[in-house]
Every structure is written in structure tokens, then in C-alpha cells.
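Notes follow once the structure below has been shown.
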There are 2 protein chains.
Amino acid sequence: MKLGEGVEAAIHCAATLASVAGNSTMPGAALAESFGLSPSYLLKHLNMLSAALILESVPGPAGGYRLARPAERITLLDIVLAVEGREPAFRCGEIRQRGPVKLDASAYVKPCGINTAMLKAERAYRAALAETKLSDIVATYAAEGDPRSLAASCAFVERHQRPQKSS
Amino acid sequence: MKLGEGVEAAIHCAATLASVAGNSTMPGAALAESFGLSPSYLLKHLNMLSAALILESVPGPAGGYRLARPAERITLLDIVLAVEGREPAFRCGEIRQRGPVKLDASAYVKPCGINTAMLKAERAYRAALAETKLSDIVATYAAEGDPRSLAASCAFVERHQRPQKSS
DNA sequence: TTATCGTGGATAATTTTTGTCTGCAATGGG
DNA sequence: CCCATTGCAGACAAAAATTATCCACGATAA
């Protein structure tokens with residue numbers, strides 16, 4: 001079991017975008033620089049967040065990304081599912097049917113108990129992720145993060161955010 | 001997020017081994033045949049289960065695998081960790097430190113809040129897995145599984161299990 | 001002695017992940 | 001109108017993980 005590195009990048013980017021003012025945007029290149037990531041690849045992940053309606057994108061110069069809704073209504077689950085896909089981690093291959101004994105398909109109408117148990121655990125995982133809002137992440141960072149790191153982040157956002165003309 | 005196919009195989013094998021009588025064993029080749037898996041590859045997973053002290057192996061003709069302890073004391077978590085490894089799915093790459101602004105290491109002594117939140121969700125996942133015992137899987141199968149499938153499984157076990165001489 | 005079995009390592013095929021590059025459409029500013 | 005900047009899509013390539021095969025080896029029961 002392994003999560004792609006894009007998840008970490010996506011959450012950090014979303015947290016950063018949560019502190020841009022109003023409807024201003026921040027270019028993907030700036031976000032990449034902010035975390036030392038390769039811009040071309042990060043754009044793929046930002047794109048998935050856009051497709052999932054977690055971010056909005058504005059083209060053109062002075063364009064970039066911003067949150068599509070308030071950070072209070074974005075959960076870690078939203079982000080993880082957008083980047084990693086919605087399929088469960090455990091995919092039942094129905095190997096119980098692959099044996100040498102061929103039974104009628106009607107013998108397998110009930111779902112595999114192993115699959116049921118694994119999916120139940122995954123529901124617990126997702127429920128825990130859904131409990132954490134992006135605003136919680138930001139608030140914790142503001143409250144408990146190191147002041148130097150906090151100041152640097154604010155300065156970076158201040159320097160790269162771009163106000164939009166019309167709302 | 002994705003679990004390897006070995007997890008499904010390992011759980012099915014463990015469940016099968018749970019119904020071999022006493023200290024009898026079952027060869028890995030029989031388990032592979034039972035689920036239509038490649039024998040050479042399945043052996044790797046069975047080997048990991050042995051290394052994790054979930055299975056015991058007996059060499060020689062009449063050898064094979066058996067549970068190392070009663071199915072009541074084997075959880076799905078035991079099996080998943082043995083096959084997939086014990087590292088968490090989310091690995092914090094500390095990308096918060098990779099930006100252009102270089103801060104002193106003392107600014108990052110507190111763990112990343114994102115990492116904390118992700119690991120909390122993973123604890124929920126593992127807790128749910130730890131709640132399901134292998135005996136539960138077997139019991140559910142016996143109680144709710146299709147009688148034809150059940151009979152076929154029992155016959156297969158009966159045919160391939162091998163009694164051991166000394167306990 | 002022999003055939004069967006698990007173990008471990010080497011190796012390769014396949015798939016996934018990660019990363020790069022290019023051309024394109026949108027848009028704001030001169 | 002022209003140009004620079006930005007997001008978007010797709011082709012492509014590199015790297016890593018997963019899946020799979022094979023063989024030599026030690027153990028062991030018949």
C-alpha cells in the first residue's frame with residue numbers, strides 16, 4: 001500500500017492557496033518553486049484538482065489557481081480522491097472463482113467476505129480523511145507552526161498572488 | 001493508493017489453511033492451483049507470511065504450510081502488514097523544507113500537520129483491519145457462502161492436506 | 001537413493017509512477 | 001494588433017515498483 005507523492009504536493013498546494021486573499025490566484029510555477037517540485041509534473045496534479053472542482057484555474061497572464069470553495073468545505077478526502085482516484089485500494093480479483101473447480105456463476109452472487117472486510121476498513125480510512133478540513137490544516141499550521149516558517153510562507157504568498165480584475 | 005494483488009492471495013490462502021485439520025500442512029503449489037495463481041510468485045507471498053510468523057512451513061515431501069497460530073489470533077492487519085510492509089501509505093517527504101527559502105532546521109522540529117492528519121487516518125484503517133480475525137472470515141464464509149462453493153473448498157482441502165507425523 | 005517440498009537469489013517482463021517536452025487556446029497589457 | 005504569460009492536453013521518455021519465471025540448494029519422508 002502506497003500513496004503517490006502527488007498527494008503530499010496537492011495538499012500542500014491547496015493549503016497554500018487557502019491563504020491567498022479573496023479571488024486572487026497563484027501560478028502553478030510559483031507553487032512548484034515553493035516546494036521544490038518539478039513544475040511540469042505538479043501541473044498534472046493541479047489539473048486533477050481542477051477537474052475535481054477543488055481548484056479553479058484562470059488562464060492568461062495574471063492567471064493561476066485558487067480554491068474553488070472555502071477551505072472549510074474542502075476535506076483531505078476530497079484531495080486524496082482527486083489525485084489518487086476513487087477506486088478502493090483493495091480490488092477483489094475474484095480469485096475464489098479462478099480455481100480448477102468450475103462452479104456456476106450463481107454460486108458467487110454474494111460478495112466475497114474478504115472484499116467486504118477490506119472495503120469496510122477502507123471506509124474507516126476515508127471517514128477519517130473526511131473529518132479533516134483544509135481549514136483545520138491551515139489553522140493548525142498558523143497556531144503551532146514555527147513563526148519563521150509561517151512568516152516565510154506568508155511572504156511567499158504575498159509575493160506571488162495576483163489579484164483578479166472582475167470577481 | 002493501491003494494494004498489491006498479493007494481499008488478496010495471502011488472505012485467501014490463510015483462510016484456506018485455517019480449515020486444514022490439526023497440524024497438517026498444504027503445499028504451496030496446491031494453494032496456487034486452488035486460486036489459479038502462478039505458483040512461483042505465490043511462494044514469495046507465502047514466504048513473507050512465514051517470515052512474519054503467521055504461517056509455518058515444513059520442508060520435504062509431505063511438507064507444506066500451515067497456520068502458525070489459531071485463526072482467532074490472526075487478523076487481517078497481520079496479513080496485510082506482512083505482505084505490504086509496515087511502512088505507512090503516506091510518506092511525508094518534508095517538501096515544506098524544499099522551497100527556495102532556507103530556514104534553520106530548528107524551524108521544522110514539529111511534525112508536519114499534513115503528515116499527522118494522514119497518519120491518523122491510516123491508524124483508523126489499520127484499527128479496522130485489526131478488528132477482523134481470520135476466524136471471522138472463515139466463519140462468515142461457512143455461514144453465508146454458497147453451499148456448492150463451500151463443498152468444493154472442503155473437498156479441495158481434504159484432497160491436498162497432508163498429516164504430519166510428530167506434533 | 002530419490003522424489004517432493006520450501007528457500008533464496010538472479011533475472012526478466014510488465015505496469016505504474018514520475019518527469020519532460022511541445023503545441024495549443026485563453027487572456028491581459030502595451 | 002501583437003506579445004508575453006498562463007493553463008491544458010497529449011505524446012513521449014525515464015525510473016521504479018510490481019509481477020512473474022527459473023534454477024540451485026538444503027531438508028526430509030518414503
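Each chain gets a letter, A, B and so on, in the order the sequences are listed, and its residues count up from 1.
- If you measure from atom CG of L31(A) to atom P of dG7(D), you get 9 Å, rounded to the nearest angstrom.
- With hydrogens and angles disregarded, a donor-acceptor distance shorter than 3.5 Å links the side chain of S153(A) to the backbone of S149(A).
- Distance, L46(B) CG to dT19(D) C1': 15 Å, rounded to whole Å.
- The distance from atom CG of L37(B) to atom P of dT21(D) is 11 Å, rounded to the nearest whole Å.
- Of the possible donor and acceptor atoms, one in the side chain of Q164(B) sits under 3.5 Å from a partner among the backbone N and O of A62(B).
- Taking atom CZ on R91(A) and atom P on dT15(C), their separation rounds to 14 Å, with Å as the unit.
- The side chain of S38(B) lies closest to dA20(D), out of dC21(C), dA20(D), dT5(D).
- Atom C1' of nucleotide dA29(D) and atom CZ of R162(B) are separated by 11 Å, given to the nearest angstrom.
- Under the 4.0 Å criterion applied to side-chain N and carboxylate O atoms, D78(B) and R69(B) are assigned as salt-bridge partners.
- Between the CG atom of L55(B) and the NE2 atom of H45(B) there is a distance of 13.0 Å, given to the nearest 0.5 Å.
- Remark: the T75(A) side chain and the E131(A) side chain contain no N/O donor-acceptor pair separated by less than 3.5 Å.
- We find that CD1 of I95(B) is positioned 12 Å from P of dT18(C), with the value rounded to whole Å.
- A salt bridge does not link K120(B) with E122(B): none of the charged nitrogens is closer than 4.0 Å to a carboxylate oxygen.
- Separating the CG atom of L42(B) from the P atom of dC22(D) is a distance of 16 Å, rounded to the nearest angstrom.
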Scan nucleotides 9-14 of chain D nucleotide by nucleotide, 5' to 3', and note B when protein non-hydrogen atoms come under 4.0 Å of the base, S if they reach only the sugar-phosphate, - if neither. SBB---

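- Note on Y141(B) and I79(B): separate hydrophobic clusters, where clusters join Ile, Leu, Val, Met, Phe, Trp and Tyr whose side-chain heavy atoms are under 4.5 Å apart, directly or indirectly.
- With L76(A) as reference, I11(A) is the one residue of V7(A), D136(A), L81(A), I11(A) to meet the side-chain contact (heavy atoms from CB on, under 4.5 Å) rule.
- Between the CG atom of L43(B) and the P atom of dT19(D) there is a distance of 15 Å, rounded to whole Å.
- In this structure, a donor-acceptor pair under 3.5 Å is present between the side chains of S106(B) and R148(A).
- The Y41(A) side chain lies nearest to dG19(C) when the options are dT7(C), dT6(D), dG19(C).
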How does protein contact run along nucleotides 25-30 of chain C, one letter per nucleotide 5' to 3', with B for base contact, S for sugar-phosphate only, - for none, heavy atoms under 4.0 Å? -BBBS-

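- Closest approach to the S57(B) side chain among dG7(D), dG6(C), dT16(C) is made by dG6(C) (side chain taken as heavy atoms from C-beta onward).
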